[in-house]
Amino acid sequence: MAVFGTPFQQTVLQRLDELTPVHIVGGAVRDDCLGHPSKDLDAVIALPVAAVEERLREWGYFPHRLGQRKPTVTLFDGQERLDIGEAAGDLEEDALQRDFTLNALYVRVGTWELVDPLEGLSDLRLGLLRACGRAEDRFGEDPIRVLRLVRLAVQYGFRVEPGTWRAAVRALPQLGETAPERVTAELARILVLDKVTEGLLMLADLGYWQAYLPELARLQGLEQNRYHTKDAWEHTLEVVKNTPPRLLLRLAALWHDLGKWDTASRECRVGGKVERVAGEWRIEGFKLLGTGGERWQGKAAEVRGARLDHHPECIQVKRMGPPSGFSGFAWVPDGKRHFLGHERESARIVKTLLPRYVWSMFLNEPRRGGERELLFLVENHMAGTLAFLAELRGEKSPGSLRDKAKRFAWRYGWNGRRFDPERLENLLALWRADFFGGKARVPEDSARLERICEEIRRASEDLADRLARLDWEPFLAFARHYGLAGEEIGRFREFIRSEVALAEGFPLEDEAWLVKEWRKFRGRHR
């Protein structure tokens, strides 16, 4: 066996081994057997953690005691980490309290000899994931091992021993009693795996989605429109797989179409009298969504729209006009399949899901807004398709692509405080993943999408450069001259910001332009 650890870790372990035998155990040994380096080490010693902590302090270290169920003494040295726990009896007894046999491999500090109480090395060579001892007991001790089983099986390409799998399925309900931060942490690790689709499918086979995220599970079998070759669940898997392995993007991809179940509909027409009933617009007993019927109240009208699959009493209105002689309800022959407004519904659902987890602990990337950015991506994942529909079809569009790209970049790159190119790039990454997520595509589609994205990126760079060079001093001088102060200056600045950002020249240096905008501002805020 190799010598384990960095000089810092080896020094600590060898000093402890002079007191009583110390063994390295778990992931570091497993990964070494697989030929993978491991930065962090776990070790066990036949001493209470309090005694280990006391001795380390005497030696000048700064230990931290972590964990409640099985506390460990943890040392940090820069990016290096060492966890030391108390062995549960001899090594065989200790091994029987670990999760899987391939994590119950030990290496004695100093001699660096391998100890294998439960034939974990054989399982490792066979690519078999097997619980230590009685699987029901292991999952009962810590249900988070159900999710860890999925992660390890996918990450290393292991087969799960049948008895271990059955015990995991039976233990699934106990996950509801596990701390949300631990569940979130394991799901986060699964979502950034290279073979993420396999992980999501294993979770489905376990019944995890059905039990804990039925809003996602119900997408299975949900038929989409004719442009899709997959149902909503299969499409979601494709989108997740197509995104870069970053948690924010993978989670946004997983949840981007949650609203499709509630908004799934088919084209129809209804003719009859429009009435106001209990604060709702109705026609022929159907509730009308997405429009007001004031103009037609008490009159006959015809509605062209889409009837919701799962809320058949509701019709989303596309057009409402005078009667054509038709009355009652009818499906439009060969009518389109719709998911009108599903992106907004998806964002609404995501808001209700967030309290079940603690994603904020794991989404705080540098300068990012965590859950706020997640909601932004979900709610706006259709923005690119809707804004550039003509260009994607190869059709003519009012205005130049350059101007449209510039306005798009500003609208979705401005986060309310600053222009954020990374936010825009995340949106483009999700759009691209969704665009190719199991839809019928031809080579021209890819070329058109890439051209649009490149134009948006170019606009983003130009905007970032322009905003960095903008001099707001003439604006402040103007504001002082006209007696503006405090919050009023800030509100006026926000009022003109987009025009300033998108202008070709530098209107802040044009007093006549500022006067005109100031009058508009005052007219709207009287």
Side-chain angles (χ1 to χ4, degrees), residues 365-370 372-373 375-377 379-392 396-431 448-526:
E365 304 173 22
R367 301 190 307 151
R368 309 304 303 160
R372 178 176 60 83
E373 289 302 304
L375 288 166
F376 166 81
L377 290 173
E379 186 167 8
N380 294 288
H381 75 267
M382 290 291 295
T385 297
L386 296 175
F388 298 96
L389 192 58
E391 288 81 0
L392 290 170
K396 290 185 177 181
S397 173
S400 69
L401 176 60
R402 177 179 178 273
D403 288 341
K404 289 182 70 172
K406 187 176 181 181
R407 292 189 176 278
F408 184 91
W410 171 255
R411 178 174 179 181
Y412 296 102
W414 178 255
N415 67 13
R417 299 183 303 276
R418 60 184 177 84
F419 184 72
D420 188 350
E422 187 178 352
R423 172 188 246 210
L424 191 61
E425 192 60 42
N426 286 337
L427 187 61
L428 295 183
L430 182 58
W431 180 24
R448 290 165 184 160
L449 177 68
E450 295 305 332
R451 178 170 173 251
I452 294 167
C453 288
E454 282 306 308
E455 198 65 54
I456 294 171
R457 291 189 182 100
R458 191 176 298 113
S460 176
E461 292 175 3
D462 291 345
L463 281 167
D465 178 66
R466 175 179 175 80
L467 291 169
R469 292 186 295 111
L470 273 180
D471 180 10
W472 285 88
E473 186 55 40
F475 166 83
L476 294 174
F478 172 87
R480 289 192 293 268
H481 178 73
Y482 279 82
L484 278 73
E487 292 184 2
E488 193 172 31
I489 293 178
R491 289 197 302 270
F492 183 37
R493 182 169 174 162
E494 288 303 310
F495 179 76
I496 64 172
R497 190 188 298 275
S498 62
E499 292 299 324
V500 171
L502 295 171
E504 291 296 330
F506 293 92
L508 292 176
E509 300 172 3
D510 184 347
E511 184 176 355
W513 184 85
L514 285 171
V515 169
K516 180 181 67 173
E517 294 301 313
W518 167 239
R519 288 170 178 167
K520 287 183 189 175
F521 173 77
R522 292 186 63 188
R524 295 184 186 182
H525 291 81
R526 282 176 178 169

How about [atom1] on [X], more than 12 heavy atoms from neighbouring residues, nucleotides or ligands closer than 6.0 Å, or not?
| X | atom1 | result |
| --- | --- | --- |
| R519 | CZ | no |
| R448 | CZ | yes |
| E511 | CD | no |

Within the structure provided, determine whether [X] and [Y] are in side-chain contact (heavy-atom separation under 4.5 Å).
| X | Y | result |
| --- | --- | --- |
| F492 | R522 | no |
| V500 | W513 | yes |
| P507 | E499 | no |
| I496 | F475 | yes |
| D465 | D462 | no |
| W414 | L463 | no |
| F506 | R469 | yes |
| F388 | R451 | no |

Heavy atoms only: give me the nearest [X]-[Y] pair and the separation to one decimal.
| X | Y | result |
| --- | --- | --- |
| S498 | W410 | CB-NE1, 3.2 Å |
| S397 | A390 | CB-CB, 3.8 Å |
| L508 | L514 | O-CD1, 3.5 Å |
| L502 | K406 | O-NZ, 3.0 Å |
| A387 | F408 | CB-CD1, 3.9 Å |
| H381 | W431 | O-CD1, 4.4 Å |

Taking E454 first and then R457, would you say they form a salt bridge - that is, a charged N and a carboxylate O separated by under 4.0 Å?
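Yes, E454 and R457 are salt-bridged.
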
What is the distance from atom [atom1] of [X] to atom [atom2] of [Y], rounded to the nearest 0.5 Å?
| X | Y | atom1 | atom2 | value |
| --- | --- | --- | --- | --- |
| E487 | R493 | CD | CZ | 15.0 Å |
| M382 | L430 | CE | CG | 11.0 Å |
| L427 | R423 | CG | CZ | 9.0 Å |
| N380 | N426 | CG | CG | 12.5 Å |
| Y482 | E488 | OH | CD | 13.5 Å |
| E373 | D420 | CD | CG | 6.5 Å |

Non-neighbouring partners of E379 that pass side-chain contact (heavy atoms from CB on, under 4.5 Å), sequence neighbours left out:
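Applying side-chain contact (heavy atoms from CB on, under 4.5 Å) to E379 gives R344, A347.
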
Once side-chain contact (heavy atoms from CB on, under 4.5 Å) is applied, do any residues pair with L476, and if so which ones, sequence neighbours excluded?
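Only E473, R480, I489 meet the side-chain contact (heavy atoms from CB on, under 4.5 Å) criterion with L476.
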
List in chain and number order the residues that pass salt bridge (Lys or Arg N to Asp or Glu O under 4.0 Å) with E461, two or more places apart in sequence or in another chain; answer none if no residue qualifies.
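Once residues adjacent in sequence are excluded, E461 has no partner under the salt bridge (Lys or Arg N to Asp or Glu O under 4.0 Å) criterion.
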
Show, in sequence, the C-alpha distance, side-chain angles and deciding distance for E494 and R491, and conclude whether the salt bridge (Lys or Arg N to Asp or Glu O under 4.0 Å) test is met.
CA-CA 5 Å; E494 288 303 310; R491 289 197 302 270; over 6 Å; no

